[in-house]
Amino acid sequence: MPGKYDVPYMQRTRDFYRAQGYEKDYVWANHDETPFAPLPKPLRECRLGLITTAMPDTVEGRSKRQVYASMTTPTPHSMYTDELSWQKTVTHTNDLGSFLPINHLRSTARAGVFESLSGRFYSAPTEYSKRNTVEKDAPRILELCREDQIDVAMLVPL
Amino acid sequence: MSLVSRHLEENGIPTVIIGSALDVVEHCGVARYLHTDFPLGNPCGDPGNIFGQIGIVRRAIKLLEEAEGPGTTWRTNQSWRGGDEWRDDYAKVDDSNREELRLRGEKRRQQQVAAKASGETRAPMISEA
């Protein structure tokens with residue numbers, strides 16, 4: 001199919017699993033209703049938190065899939081992304097700004113668009129198990145957001 | 001990540017997702033989503049294109065501020081520099097790789113059995129490449 005079209009990732013993934021001999025299709029989360037929180041105050045007064053699916057590029061981050069909180073300053077040089085399903089045949093993740101925009105958010109805060117970037121960003125593992133995400137990781141990320149007094153969050157899955 | 005976003009929204013924290021898998025995010029249902037029509041891996045812009053990256057981040061911030069209700073999707077106006085071939089190539093299955101994928105699946109299942117036996121309770125999605 002040539003030209004521009006939205007890639008059907010769910011169907012492609014189902015076919016990819018089947019080709020590897022898995023008989024049961026992955027079932028993506030689906031909901032009838034979607035929660036929506038309005039801004040609690042003007043954006044220029046908000047502290048922003050950043051959440052990524054990339055893991056810290058450390059011995060622990062490379063070997064253990066879990067939620068991590070890492071410092072935004074200094075900006076990390078790299079993140080561990082090997083286990084994620086990004087399109088390795090056509091691109092790379094060597095430029096942090098292309099998937100973890102810490103520096104761009106910092107400069108945007110300096111311009112007065114929002115109050116500040118939180119001192120920590122969080123890694124949330126992409127999980128086969130929705131249960132791990134819903135029962136363990138999401139509550140842990142919320143806890144961290146509260147500890148860091150985050151008003152709004154930007155989430156960037158690879 | 002969509003599930004994390006929903007959990008934060010349910011607990012009063014407004015969120016915006018920047019991503020490149022439109023169908024997956026919209027199937028789950030999130031409050032605010034900025035779609036970058038790029039290969040998976042660089043939702044915030046082309047590697048090396050700082051101005052493009054800043055543009056995407058600023059647009060996501062604007063979406064955070066301006067969305068009036070759940071399920072608000074905006075698209076960035078940027079196109080992938082390398083043409084459109086990547087769309088057909090993602091997780092492609094055809095006669096050229098069918099046998100390789102079958103063997104890869106067998107190997108992965110053996111690894112999964114070993115991981116489970118060692119007490120591992122977490123597994124990533126299958127990586128595309």
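Only heavy atoms go into these numbers, but all of them, side chains included; no hydrogens, no water, no symmetry mates. In this text the structure is predicted, and so the values were computed from the model without any measurement.
Annotation: maximal heavy-atom pairing with chain A below 4.5 Å, among B:Glu106, B:His27, B:Glu9, B:Arg102, occurs at B:His27. Interface check for chain A: of the options B:Gly48, B:Gly29, B:Cys28, the most heavy-atom pairs under 4.5 Å are formed by B:Cys28. Put simply, of A:Asp151, A:Leu96, A:Asp15, the one with the most heavy-atom pairs under 4.5 Å next to chain B is A:Asp151. Each of B:Gly82, B:Gly52, B:Ala31 has some count of heavy-atom pairs under 4.5 Å with chain A, and the biggest count is that of B:Ala31. The residue among B:Gly12, B:Pro43, B:Ala60, B:Ser5 with the most heavy atom pairs within less than 4.5 Å of chain A is B:Pro43. In terms of heavy-atom pairs under 4.5 Å with chain B, the best-connected choice from A:Thr81, A:Leu39, A:Val113, A:Val134 is A:Leu39. For the set B:Gly71, B:Ser20, B:Gly69, the entry with the most heavy-atom pairs within less than 4.5 Å of chain A is B:Gly69. Between chain B and the residues A:Lys130, A:Lys64, A:His92, A:Gln66, the largest count of heavy-atom pairs under 4.5 Å involves A:His92. Chain B forms more heavy-atom pairs under 4.5 Å with one residue of A:Tyr9, A:Phe114, A:Phe99 than with any other, namely A:Tyr9. Note on B:Trp86, B:Phe38, B:Trp80: by heavy-atom pairs under 4.5 Å with chain A, the leading option is B:Trp86.
Residues B:Leu103 and B:Leu101 do not share a hydrophobic cluster, defined by chaining ILVMFWY side chains whose heavy atoms lie under 4.5 Å apart. Both B:Leu22 and B:Val25 are members of a single hydrophobic cluster when ILVMFWY side chains are connected at heavy-atom separations under 4.5 Å. Residue A:Leu84 is not grouped with residue B:Met1 when hydrophobic side chains (ILVMFWY) are merged at heavy-atom distances under 4.5 angstrom, including chains of intermediate members. Hydrophobic clustering (ILVMFWY, side-chain heavy atoms < 4.5 Å, transitive): A:Leu117 and A:Tyr68 are in distinct clusters. In the hydrophobic cluster analysis, where Ile, Leu, Val, Met, Phe, Trp and Tyr join through side-chain heavy atoms closer than 4.5 angstrom, B:Val57 is grouped apart from A:Tyr122.
For B:Thr15, the parts sitting under 4.5 Å from any heavy atom of chain A are the backbone and the side chain alike. For B:Arg6, the parts sitting under 4.5 Å from any heavy atom of chain A are the backbone and the side chain alike. Using a 4.5 Å cut-off between heavy atoms, A:Ala111 contacts chain B through its side chain alone, with no backbone atom that close. For B:Arg109, the parts lying near chain A are the backbone and the side chain together; criterion is any non-hydrogen pair under 4.5 Å. Using a 4.5 Å cut-off between heavy atoms, B:Val30 touches chain A through its backbone atoms (N, CA, C, O) alone. Looking at A:Pro157, the atoms closer than 4.5 Å to chain B (heavy atoms on both sides) sit in the backbone and in the side chain alike. Using a 4.5 Å cut-off between heavy atoms, A:Val152 touches chain B through backbone and side chain atoms alike. Both the backbone and the side chain of A:Pro139 have a heavy atom closer than 4.5 Å to some heavy atom of chain B. Interface remark: A:Asn30 contributes backbone and side-chain atoms alike to the contact with chain B (heavy atom separation under 4.5 Å). When heavy atoms are compared at a cutoff of 4.5 Å, A:Arg18 does not approach chain B at all. Heavy atoms closer than 4.5 Å to chain B are found in the side chain of A:Lys136, but not in its backbone. Both the backbone and the side chain of B:Ile50 come within contact range of chain A, judged by heavy atoms closer than 4.5 Å. Interface remark: A:Val90 contributes backbone and side-chain atoms alike to the contact with chain B (heavy atom separation under 4.5 Å). Of the two parts of A:Thr133, only the side chain, counted from C-beta on, holds a non-hydrogen atom closer than 4.5 Å to a non-hydrogen atom of chain B. Looking at A:Leu48, only its side chain comes within 4.5 Å of chain B, counting heavy atoms on both sides. Neither the backbone nor the side chain of B:Glu26 comes within contact range of chain A, judged by heavy atoms closer than 4.5 Å.
Counting all heavy atoms, side chain and backbone alike, A:Ala37 lies closest to B:Pro14 at O-CB, 3.4 Å. Between B:Val4 and A:Ile141, the shortest heavy-atom distance links the atoms CG1-CG2, 4.0 Å. In plain terms, the two heavy atoms of A:Thr91 and B:Arg81 that are nearest each other are OG1-NH2, 4.3 Å. Counting all heavy atoms, side chain and backbone alike, B:Arg104 lies closest to A:Phe16 at NH1-CZ, 4.0 Å. The nearest pair of heavy atoms linking A:Gln87 to B:Tyr90 is NE2-N, 3.5 Å. In this structure, A:Phe36 and B:Ala67 approach most closely via the heavy-atom pair CZ-O, 3.5 Å.
The side chain to side chain donor-acceptor pair (under 3.5 Å) pairs that include a residue from residues 32-42 of chain A number zero, where partners must be two or more places apart or lie in different chains.
If you take OG1 on A:Thr93 and CG on B:Leu40, they are separated by 12.5 Å, rounding to the nearest 0.5 Å. In this structure, the separation between SG on A:Cys145 and CG on B:Asn11 is 10.0 Å, given to the nearest 0.5 Å. To the nearest 0.5 Å, atom SG of residue B:Cys44 and atom CD1 of residue A:Ile102 are 10.5 Å apart. Taking CZ of B:Arg32 as the reference point, atom CE of A:Met154 lies at 11.5 Å (rounded to 0.5 Å). One distance of note links CG of A:Leu142 with NE2 of B:His7; it measures 4.5 Å at 0.5 Å rounding. Separating the CD1 atom in B:Ile54 from the CG atom in A:Leu105 is a distance of 10.0 Å, to the nearest 0.5 Å.
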Side chain to side chain contact (heavy atoms under 4.5 Å, CB included) between B:Leu3 and A:His31, worked out:
CA-CA 10 Å; B:Leu3 293 170; A:His31 306 87; 3.7 Å; yes
Exercise. Apply side chain to side chain contact (heavy atoms under 4.5 Å, CB included) to the pair B:Val24 and A:Met10, showing each step before the final yes or no.
Key: CA-CA 6 Å; B:Val24 175; A:Met10 293 193 294; 3.7 Å; yes
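Side-chain contact between B:Arg75 and A:Asp6 is present, with at least one heavy-atom pair separated by less than 4.5 Å.
B:Asp46 places no side-chain N or O within donor-acceptor distance of the main-chain N or O of A:Ser98, the cut-off being under 3.5 Å. Proximity of a side-chain donor or acceptor of A:Tyr5 to a complementary backbone N or O of B:Arg87 within less than 3.5 Å is detected. Side chain of B:Gln53 to main chain of A:His104: no donor-acceptor pair is present (N/O by atom type, distance under 3.5 Å, no hydrogens or angles).
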